[in-house]
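Letters go in sequence order (proteins before strands), and every chain restarts at 1.
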Number of protein chains: 2
Amino acid sequence: MSLRYALLALLTAQPMTGYDLAKAFHVSVGHVWHAPDSQIYPELKRMVADGLLRDESVPWGASSTKTQYTVTDEGVDAFRAWMDEPIEYARERDPAHLRSAYFEWADPDVARRHLHEHIAHYELRRAQWQSQLNAIRTRSHPILARRLETDTRHDPDAVVEFKVFTYEGFLDRAEGEIAWARHGLDLLDRLHPRD
Amino acid sequence: MSLRYALLALLTAQPMTGYDLAKAFHVSVGHVWHAPDSQIYPELKRMVADGLLRDESVPWGASSTKTQYTVTDEGVDAFRAWMDEPIEYARERDPAHLRSAYFEWADPDVARRHLHEHIAHYELRRAQWQSQLNAIRTRSHPILARRLETDTRHDPDAVVEFKVFTYEGFLDRAEGEIAWARHGLDLLDRLHPRD
DNA sequence: TATACCATGTAATAAGTTACATGATTTG
DNA sequence: CAAATCATGTAACTTATTACATGGTATA
């Protein structure tokens with residue numbers, strides 16, 4: 001259900017075609033709420049059916065068209081209403097920690113490999129989030145820049161600060177996961193010293 | 001797919017009936033990989049069909065029976081094999097951070113409420129994980145205690161240490177989330193000072 | 001004119017959620 | 001003997017994943 005609000009959030013910056021939106025999604029809000037194209041397109045259609053978006057055919061090339069989506073007033077209301085609703089936390093479901101809890105069943109080198117991959121995974125995420133954060137801080141992030149131009153109802157500093165705050169949270173999380181995995185590597189060295 | 005390995009992990013401590021297993025699940029591995037009873041019972045059946053578990057009818061009361069599940073050799077092999085497989089990280093999908101990224105659309109007090117609830121949520125989780133951790137450290141956790149009795153192939157210290165390591169990771173995470181939300185509250189006070 | 005990429009999906013499957021159902025047994 | 005809890009689910013639904021499909025347009 002959050003997907004539709006992620007899409008709505010993105011479209012409040014500017015109307016977009018499905019394709020542009022999908023691309024923009026993957027380099028912005030998709031870092032917070034992932035979804036594949038195959039989930040995005042049908043959801044857009046549903047949102048039109050529910051009155052949250054308006055769709056228009058715009059010409060593409062000589063004889064073809066593409067669909068552009070614009071948030072309706074009802075869509076804006078729905079987005080605001082969503083903001084008031086309590087956050088639904090997903091239950092814990094963590095593949096890395098499930099594995100680590102039973103590392104006694106793994107070869108120590110396999111356990112090490114998992115932890116190294118954990119570090120690599122979060123180093124990659126960290127780099128992605130960091131580059132988002134930089135682009136947000138300098139206001140050079142294209143979607144944010146567009147949003148700052150078109151959005152007259154909100155304090156631009158607040159718009160930026162909330163996104164900075166969000167991505168800083170992810171960065172801290174990545175740091176935490178990396179530190180945790182390093183601890184695990186130390187533990188493995190203690191339990192199974194290498195020569 | 002991880003659910004079956006969470007169940008397998010639990011059943012390596014001792015054979016259990018479906019009901020006992022479901023109860024034990026919720027106070028142990030369910031803290032790492034949540035699943036409702038309605039997902040557990042059918043999965044157990046499937047695991048029997050796949051040869052990972054053996055089921056036996058044991059008497060219950062005068063004229064009734066219940067089903068007890070035991071890990072087969074094939075089940076142990078499957079569990080070990082799973083340990084070698086790469087961890088599949090779920091894509092980011094974070095309802096709290098999705099919300100916070102667009103807090104400019106929320107009333108400042110609503111945003112504050114969300115952050116306070118975030119703190120409350122992770123304080124609760126922290127307490128749960130902390131009590132798990134204490135029970136593990138003192139080896140008084142009933143399932144762990146049983147595991148330490150029955151499991152002769154693994155170093156008991158390692159069995160304990162890996163679980164400690166896992167839950168310490170969760171505790172750090174909870175601390176991080178709480179600190180993040182407090183930052184958010186500071187930010188809100190900066191942007192929207194209260195009298 | 002081939003290749004990249006624009007544009008929009010569908011189909012099949014898997015996984016997870018919510019709500020409900022039902023009867024048996026133990027215990028106070 | 002009523003209440004708690006033991007025991008085991010099913011049904012309906014929603015969400016998400018994976019893989020594939022198809023044709024058009026711009027560009028080198």
Side-chain angles (χ1 to χ4, degrees), chain A residues 1-7 11 15-27 29-30 32-50 53 55-69 82 86-95 98, chain B residues 1-7 11 15-27 29-30 32-50 53 55-69 82 86-95 98:
Chain A
M1 211 65 238
S2 288
L3 173 58
R4 78 166 34 190
Y5 300 101
L7 295 171
L11 282 167
M16 281 183 244
T17 66
Y19 186 82
D20 290 340
L21 180 137
K23 294 301 139 203
F25 188 90
H26 299 306
V27 297
V29 66
V32 181
W33 192 275
H34 171 269
D37 291 1
S38 66
Q39 209 186 345
I40 292 173
Y41 284 108
E43 185 63 27
L44 288 171
K45 287 212 147 180
R46 257 176 263 131
M47 289 165 76
V48 171
D50 294 347
L53 302 180
D55 61 349
E56 282 168 281
S57 282
V58 298
W60 178 47
S63 57
S64 195
T65 61
K66 51 188 176 175
T67 311
Q68 188 172 54
Y69 296 94
W82 170 73
I87 294 168
E88 283 175 37
Y89 289 90
R91 304 300 181 59
E92 224 57 48
R93 209 166 264 143
D94 189 311
L98 178 58
Chain B
M1 211 62 240
S2 288
L3 173 58
R4 78 169 32 190
Y5 299 102
L7 295 171
L11 282 167
M16 278 182 246
T17 66
Y19 186 81
D20 289 340
L21 180 137
K23 294 300 140 206
F25 188 90
H26 298 307
V27 298
V29 66
V32 181
W33 191 276
H34 172 268
D37 291 2
S38 66
Q39 209 185 347
I40 292 173
Y41 283 108
E43 185 63 27
L44 288 170
K45 287 212 147 182
R46 256 176 262 131
M47 291 166 76
V48 172
D50 293 347
L53 301 180
D55 60 349
E56 281 166 282
S57 282
V58 298
W60 177 48
S63 56
S64 194
T65 62
K66 50 186 177 176
T67 312
Q68 188 172 55
Y69 296 94
W82 170 72
I87 294 169
E88 284 175 37
Y89 289 89
R91 303 301 180 58
E92 224 59 48
R93 210 166 264 143
D94 190 312
L98 178 59

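Remark on DNA chain C: of its neighbouring residues G18(A) and A62(B), the 5'-side contact belongs to G18(A), judged by nearest-heavy-atom nucleotide. Nearest-nucleotide positions on DNA chain D for E88(B) and T17(B) put T17(B) closer to the 5' end. Of the residues near DNA chain D, D20(B) and P42(B), the one whose nearest nucleotide (by heavy atom distance) lies more toward the 5' end is D20(B).
As rounded to whole Å, 12 Å separates atom P of dG9(D) from atom CZ of R46(B). Spacing between atom NZ of K66(B) and atom P of dT25(C) amounts to 12 Å, rounded to whole angstrom units. Distance H34(A) NE2 to dT17(D) P: 7 Å, rounded to the nearest Å. Rounded to an integer number of Å, the gap from CD of E56(B) to C1' of dA7(D) is 17 Å. Taking atom CG of D37(A) as the reference point, atom C1' of dA7(C) lies 10 Å away to the nearest angstrom. Taking atom CD of Q68(A) as the reference point, atom P of dC6(C) lies 16 Å away to the nearest angstrom. Here the P atom of nucleotide dG9(C) and the CD atom of E43(A) are 13 Å apart, to the nearest Å. Atom-to-atom, NZ of K45(B) to C1' of dA7(D) comes out at 12 Å; the value is rounded to the nearest Å.
As judged by a 4.0 angstrom heavy-atom cut-off over every strand, K23(A) is placed among residues making no nucleic acid contact. Counting any heavy atom pair closer than 4.0 Å across all strands shown, R93(A) reaches sugar-phosphate atoms only and no base atom.
Side-chain atoms of Y69(A) and T67(A), non-hydrogen and from C-beta on, do get closer than 4.5 Å to each other. Y89(A) is listed as a side-chain neighbour of I87(A), based on a closest heavy-atom distance under 4.5 Å.
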Check your understanding: Where do K23(B) and M16(B) land on the side-chain contact (heavy atoms from CB on, under 4.5 Å) test, with the steps shown first?
Key -> CA-CA 10 Å; K23(B) 294 300 140 206; M16(B) 278 182 246; over 6 Å; no
Review point. Under the side-chain contact (heavy atoms from CB on, under 4.5 Å) criterion, do L3(B) and L7(B) qualify, and how do the steps go?
Key: CA-CA 6 Å; L3(B) 173 58; L7(B) 295 171; 4.0 Å; yes
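The phosphate of dA7(C) has OP1 or OP2 within less than 4.0 Å of a side-chain N or O from W60(A). Phosphate contact (OP1/OP2 of dT25(D), side-chain N/O of S63(A), threshold under 4.0 Å): present.
Residue Y19(A) places its side chain closer to dA7(C) than to any other of dA7(D), dA7(C), dA16(D). Comparing dA24(C), dT18(C), dC6(D) by their closest approach to the side chain of P36(B) singles out dT18(C). Proximity note for S64(B) (side chain, C-beta onward) versus dG9(C), dG9(D), dT25(C): the nearest is dT25(C). When each of dT25(D), dG9(D), dG9(C) is scored by its nearest atom to the side-chain atoms of Y41(A), the top-ranked nucleotide is dG9(C).
Using a 4.0 Å cut-off between charged nitrogen and carboxylate oxygen, D50(B) and R4(B) count as a salt-bridge pair.
S38(B) contributes a side-chain N or O that forms a donor-acceptor pair with the base of dT18(C) under 3.5 Å.
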